[in-house]
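All values reported here derive from a predicted model rather than from experimental measurement.
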Amino acid sequence: MQSRSLARELALLVLGQIPERESSRLKTISLESLLQKAFDTLSQHWREGLDTCAVELENAQQHLLDSEFQDRDSSSTRQVREHLQACLIGAEQVINGVSTSLEISRLLALGNQEQIRLGALERVRLVIEQRNSIDASIDAVMEGWRLSRLPRIDRDILRLAVVDLTALQTPSAVACNEAVELAHRYSDDQGRRMINGVLRRLHDASTMTLA
């Protein structure tokens with residue numbers, strides 16, 4: 001179970017480094033080099049986010065300090081500020097922890113395990129070779145949207161879910177749940193809502209087909 005989840009996550013990161021129309025160089029693809037590029041991109045994205053959070057926390061902390069001078073006699077207000085101060089400190093600790101974890105190339109190390117490596121490359125191959133039919137099946141259950149209008153990361157999460165449901169015969173509930181987990185890690189709020197909706201319809205369509 002864990003190796004399949006890791007293979008799927010590795011496949012998602014690798015797909016993000018391959019041009020959408022790529023279909024002829026799969027045998028020459030280096031999982032390690034593409035995965036490293038993916039990590040570099042993700043690390044830069046999250047570092048920028050951390051920098052933004054740090055600035056916002058600093059501003060919020062300064063506002064708290066300023067308000068303390070204005071309302072120093074209000075005990076209830078002071079308690080609220082102390083609570084907020086503790087929350088800010090906790091948030092800073094969490095952000096520092098996330099920053100540290102970004103330095104640990106967990107998937108790179110795990111990618112050396114042959115089972116995970118082969119599982120990831122198999123998923124990448126299936127997505128590349130069957131992209132037209134995969135995209136058509138997703139478009140068939142989208143309501144008022146086209147797959148091409150979604151961000152690349154969301155498209156690839158859905159494509160991997162279809163590969164699981166069809167070529168790899170993964171149970172529908174498992175495939176959808178694990179796709180949702182990827183969405184929580186790599187997509188935004190709007191993307192997660194869209195992916196959830198499409199996955200529910202894919203699940204329903206798969207269940208009807210099996211029936």
(request) Take Ile157 and Val180, measure what side-chain contact (heavy atoms from CB on, under 4.5 Å) needs, and give me the verdict at the end. (result) CA-CA 9 Å; Ile157 289 173; Val180 168; over 6 Å; no
(request) Apply side-chain contact (heavy atoms from CB on, under 4.5 Å) to the pair Leu202 and Leu165, showing each step before the final yes or no. (result) CA-CA 9 Å; Leu202 281 172; Leu165 289 168; 4.2 Å; yes
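Minimum interatomic distance between Leu199 and Ala161 (heavy atoms only, all atoms of both residues): CD2-CB, 3.8 Å. Shortest non-hydrogen contact noted between Ile134 and Val127 is CD1-CA, 4.0 Å. The two residues Val162 and Ser137 have their closest heavy-atom pair at CG1-OG, 3.7 Å. Considering every non-hydrogen atom in both Arg159 and Ile138, the closest pair reads N-CD1, 3.9 Å. Nearest heavy-atom pair, Leu147 versus Asp139, reported as atom, atom and distance to 0.1 Å: N-OD1, 2.8 Å. Across Ala7 and Arg123, no two heavy atoms sit closer than the pair CB-NH1, 4.0 Å.
Between the CD atom of Gln190 and the CD1 atom of Ile195 there is a distance of 10.5 Å, given to the nearest 0.5 Å. Here the CD1 atom belonging to Ile18 is positioned 4.0 Å from the CD1 atom belonging to Ile128, to the nearest 0.5 angstrom. One finds the CG atom of Leu160 at 13.0 Å from the CZ atom of Arg155 (value rounded to the nearest 0.5 Å). Between the OH atom in Tyr186 and the CG atom in Leu13 there is a gap of 4.5 Å [rounded to 0.5 Å]. The CZ atom of Arg4 lies 11.0 Å from the CD atom of Gln115; values are rounded to the nearest 0.5 Å. Atom CG of Leu182 is separated from atom CD1 of Ile153 by 8.0 Å, given to the nearest 0.5 angstrom.
Looking at Arg192 and Asp154, no side-chain N of the basic residue comes within less than 4.0 Å of a carboxylate O on the acidic one, giving no salt bridge. Under 4.0 Å is where a charged nitrogen must lie from a carboxylate oxygen, and between Arg201 and Asp204 no such pair does.
Put simply, the side chain of Met142 reaches to within 4.5 Å of the side chain of Leu150, judged on heavy atoms. Residues Glu9 and Glu181 are not in side-chain contact: their nearest non-hydrogen atoms beyond the backbone lie 4.5 Å or more apart. Between Asp156 and Arg152 there is a side-chain heavy-atom pair separated by less than 4.5 Å. A 4.5 Å side-chain heavy-atom check between Arg200 and Asn196 finds at least one atom pair inside the cut-off. Asp164 has its side chain out of reach of Val174: every pair of non-hydrogen atoms, C-beta onward, lies at least 4.5 Å apart.
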